[in-house]
Number of protein chains: 2
Amino acid sequence: MSANSRLTIAAHTLTWIGLYQRRGHEVATSEQIATSVNTNPVVIRRLLGDLRKAGLAGSRRGAGAGWMLVRDLAAITLLDVYQAIEPGPVFALHRATPNPECVVGHGIGPAMTAVYDDVEAALRRELAKTTLEDVLRDVLKAA
Amino acid sequence: MSANSRLTIAAHTLTWIGLYQRRGHEVATSEQIATSVNTNPVVIRRLLGDLRKAGLAGSRRGAGAGWMLVRDLAAITLLDVYQAIEPGPVFALHRATPNPECVVGHGIGPAMTAVYDDVEAALRRELAKTTLEDVLRDVLKAA
DNA sequence: TAGGGTTGTAATAGCTATGGTTACGACTAA
DNA sequence: TTAGTCGTAACCATAGCTATTACAACCCTA
């Protein structure tokens, strides 16, 4: 499984903006966030672009530009973030259609789809349990 | 998320062998399985190699060679298969260590790890609910 | 109105995982 | 001895993610 860190980076980014705003700042720049995440600002901007499409983040251009939250941390679950940045499923069926003249080849697709649907549902239920407010609390507790 | 079809192919392969054996044959060849899956025999042999390491499949060499199940279909869950072929986690932390001098950069790792552990546990619970016997039943029902 | 800082996005490159293919030695029943 | 299959290495193609450079678009401020 090619594990990816997009959810981690997205949660980090939104949590950072949330904390920064609570400390009195209006907007955060991709440069500042990238310094905390330890990556390139463009990576952050691209990710925030997806989060903006999902209505989780907003941006301001020109001088004094930057990013802000659209919803409060407590109103954003990790499921919201996940759905904003991960379009595809965790498991895939066959790349090439299996032999339809074989009993197994013919019936395995629907059988596995049913299982995968349940697995994805369980994964989403679990992600929905945690809000970014919870994440921030854990983060501050560790300090 | 780069969805992969390894679990699908593995379940297909083991189910195929199980059905083939119930029809009176001792072993199945990677060639036969590959025809049903619609892929190359080497792909099947590589996958079965992993499944053998996990004690789910066995092989016989020489003339009249081929693959057989070590356990009955009813004694193999999709979790067993998943663990045999997927070493890594679904979600990853940062590729590069985040800035430890930032509160968020310092605490985000443990916070997300706790969530990811719960998600993986839920995923495993879900996969453990289905045996290959269940899969075969679904497959035959669809015919 | 000019300057400067930041967004928004395209283009490119590197890395890793996966899948497909060819090749060939190892093995063993017949 | 032969034939059929495993076991595995080698190589290539594809896809997704990350990193980086570059630059136009934007808009506040002086």
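Every value quoted in this text rests on a predicted model; they were computed, and no experiment measured them. Order of the sequence lines fixes the chain letters, A, B, ..., with proteins taken first and strands second; residue numbering starts at 1 for each chain.
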**Prompt:** Between B/L47 (CG) and C/dA17 (C1'), how many Å, whole number?
**Reply:** 14 Å

**Request:** Calculate the interatomic distance between B/H94 atom NE2 and D/dC17 atom P; express it in whole Å.
**Result:** 17 Å

Phosphate OP1/OP2 of [N]: any [X] side-chain N/O under 4.0 Å:
X     : N      : value
B/R45 : D/dG7  : no
A/R52 : C/dT7  : no
A/T39 : D/dT18 : no
B/S30 : D/dC6  : yes
B/T29 : D/dC6  : no
A/R6  : D/dG16 : no

Identify whether any heavy atom of [X] sits under 4.0 Å from a base atom; if not, whether one sits that close to sugar-phosphate; answer base, sugar-phosphate or nothing.
X     : result
B/G49 : nothing
A/A63 : base
B/R95 : sugar-phosphate
A/R60 : sugar-phosphate

**Prompt:** Under 4.0 Å between a Lys/Arg side-chain N and an Asp/Glu carboxylate O for A/D118 and B/R125?
**Reply:**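 Salt bridge flag = no for B/R125 with A/D118.
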
**Item:** SB check A/E126 B/R124 (cutoff 4.0 Å)
**Value:** no

**Request:** Ignoring hydrogens and angles, answer whether the base of D/dT20 and the side-chain atoms of A/R46 contain a donor-acceptor pair closer than 3.5 Å.
**Result:** yes

**Message:** Nearest 0.5 Å, please: how far is CG in B/N38 from CZ in A/R95?
**Reply:** 12.0 Å

**Request:** Report the distance from atom CG of A/L19 to atom CG of A/L132, rounding to the nearest 0.5 Å.
**Result:** 12.0 Å

**Item:** Donor-acceptor pair, side chain of B/R6 and main chain of B/I85, under 3.5 angstrom
**Value:** yes

**Asked** A/N4 has a side chain; which of D/dC17, C/dG8, D/dA19 sits nearest to it?
**Response** D/dC17

**Asked** Among D/dT18, C/dA23, C/dG8, which nucleotide sits nearest the side chain of B/V42?
**Response** C/dA23

**Request:** Please figure out whether B/A96 or B/S59 has its closest DNA chain D nucleotide nearer the 5' end.
**Result:** B/S59

**Prompt:** DNA chain C: B/R61 or B/V43, which has the more 5' nearest nucleotide?
**Reply:**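 It is B/V43 whose nearest nucleotide is closer to the 5' end.
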
